[in-house]
Amino acid sequence: MRKNILAPSILSADFRHLEQDILEAVEAGAEYLHIDVMDGMFVPSISFGMPVIESIRSATDCFFDVHLMIDQPERYIETFVKCGADSITVHAEATRHLHRAVQQIKGCGVKAGVALNPATPLDALDYVLEDLDMVLLMTVNPGFGGQKYIPQMTGKIRTLRQRLLAMGLETDIQVDGGIKVDTIREVLGAGANVCVAGSAVFGDGIAEKVKIFMEILGEYPQW
Ligand code: DX5
Ligand code: ZN
């Protein structure tokens with residue numbers, strides 16, 4: 001049975017008081033922290049890397065869900081695990097050796113995820129799906145917080161959930177980008193169960209916003 005989980009993306013936190021923002025989200029009930037690493041190559045922007053993750057690791061025991069938006073992520077998998085990642089998600093588009101990268105993540109003893117950009121077909125998951133703990137469906141083009149949900153992604157989520165059910169797999173489906181109070185019901189209804197939210201959580205009133213999301217997550221059946 002899958003659980004519905006909120007994964008606040010710290011990309012939208014205020015880095016002047018990152019620890020405070022993180023603790024407010026976690027204490028309000030968020031079970032994952034979504035950590036977006038960007039290299040300025042796979043995506044246009046550069047975010048943060050190992051030192052930041054290592055530093056916040058000492059602030060909380062919360063599950064660190066690390067989303068690598070970097071080219072050739074296999075170069076850094078062990079390093080991110082050492083910094084404190086509990087799961088690592090690599091983009092199918094960023095590596096020539098997706099199967100090997102997935103095995104490398106699992107070999108480190110953490111959960112393995114594969115992310116697909118909006119235009120990447122679900123078939124890119126063929127031959128690795130059985131090995132994954134999570135599939136991350138990008139619901140915006142990766143690279144920035146605060147973008148609008150791409151409505152065509154609802155059908156993609158539904159198709160993936162049907163495919164997983166037909167295969168007897170309980171893999172998590174994570175959605176990332178444009179998830180807000182007015183779009184989250186649509187993705188949950190389609191079969192997503194791990195919801196990333198950055199700009200909709202951080203800013204003023206973090207705890208209140210987390211609580212509202214947690215209530216909505218509770219309204220939806222487990223997949
Ligand atoms: C975008 C990142 C997201 C981002 C989401 O490339 O992968 O995790 O932080 O931000 P919002 O929720 O504001 O769309
Ligand atoms: Zn992300």
Side-chain angles (χ1 to χ4, degrees), residues 1-12 25 29-36 62-69 86-93 111-126 128-142 145-201 209-223:
M1 211 56 158
R2 298 257 59 93
K3 195 168 185 263
N4 291 334
I5 287 172
L6 179 67
S9 165
I10 64 166
L11 190 63
S12 292
E31 287 165 290
Y32 281 16
L33 280 177
H34 183 80
I35 300 177
D36 287 307
C62 185
F63 187 94
F64 276 12
D65 159 36
V66 175
H67 176 194
L68 295 182
M69 284 166 276
D86 295 301
S87 81
I88 296 209
T89 298
V90 296
H91 270 263
E93 306 87 355
K111 292 196 172 182
V114 168
L116 301 182
N117 285 337
T120 304
L122 291 172
D123 293 356
L125 300 168
D126 286 356
V128 294
L129 198 49
E130 287 91 339
D131 292 334
L132 301 181
D133 297 290
M134 184 167 84
V135 175
L136 191 176
L137 295 181
M138 288 304 307
T139 43
V140 299
N141 286 295
Q147 302 180 76
K148 272 209 172 95
Y149 179 79
I150 299 173
Q152 289 91 331
M153 295 303 103
T154 305
K156 192 177 186 183
I157 299 163
R158 192 171 292 120
T159 304
L160 176 59
R161 182 54 76 191
Q162 283 163 355
R163 214 175 270 189
L164 290 169
L165 288 172
M167 292 169 79
L169 297 174
E170 290 199 342
T171 316
D172 287 322
I173 299 181
Q174 181 173 56
V175 283
D176 185 7
I179 305 301
K180 311 205 174 288
V181 167
D182 59 359
T183 49
I184 194 167
R185 287 188 166 84
E186 182 165 333
V187 296
L188 289 167
N193 69 300
V194 183
C195 297
V196 176
S199 50
V201 163
K209 290 187 268 182
V210 167
K211 283 178 192 152
I212 292 169
F213 274 119
M214 298 299 290
E215 270 175 38
I216 301 174
L217 290 174
E219 288 167 18
Y220 282 78
Q222 312 284 300
W223 290 89

Side-chain heavy atoms of [X] within contact of [Y], under 4.5 Å:
X      : Y      : result
Cys195 : Leu217 : yes
Leu137 : Leu122 : yes
Val196 : Ile179 : no
Leu160 : Leu125 : yes
His91  : Pro142 : yes
Val114 : Val135 : no
Asn141 : Ile150 : yes
Val175 : Leu188 : no

Between atom [atom1] of [X] and atom [atom2] of [Y], what is the distance when rounded to the nearest 0.5 Å?
X      : Y      : atom1 : atom2 : answer
Asp123 : Leu129 : CG    : CG    : 11.0 Å
Leu6   : Asn193 : CG    : CG    : 12.0 Å
Met153 : Thr183 : CE    : OG1   : 13.5 Å
Ser87  : Phe64  : OG    : CZ    : 11.0 Å
Ile35  : Ile10  : CD1   : CD1   : 5.0 Å

Residue set satisfying side-chain contact (heavy atoms from CB on, under 4.5 Å) with Glu219, at least two apart, ordered chain then number -> Arg185, Ile216
Output all residues satisfying side-chain hydrogen bond (donor to acceptor under 3.5 Å, both in side chains) with Asp86, sequence neighbours left out; order by chain, then residue number. Arg57
Using the test side-chain hydrogen bond (donor to acceptor under 3.5 Å, both in side chains), find all partners of Thr154 that sit at least two apart in sequence or belong to another chain. Tyr149, Glu186
For Val140 versus Gln147, what's the shortest heavy-atom pair and its separation? CG2-NE2, 3.5 Å
Of all the heavy-atom pairs spanning Lys156 and Leu116, show the shortest one and how long it is. NZ-CB, 4.1 Å
Going through the checks in order, is the side chain to side chain contact (heavy atoms under 4.5 Å, CB included) test met by Val210 and Val201? CA-CA 6 Å; Val210 167; Val201 163; 3.9 Å; yes
Quick one about Lys180 and Ser199 (side-chain donor to acceptor, distance below 3.5 Å, no hydrogens or angles considered), yes or no? yes
Just by distance, with hydrogens left out, do His34 and Asp36 show a side-chain donor and acceptor under 3.5 Å apart? yes
Tell me, with the steps shown, if Asp65 and Ile5 meet side chain to side chain contact (heavy atoms under 4.5 Å, CB included). CA-CA 11 Å; Asp65 159 36; Ile5 287 172; over 6 Å; no
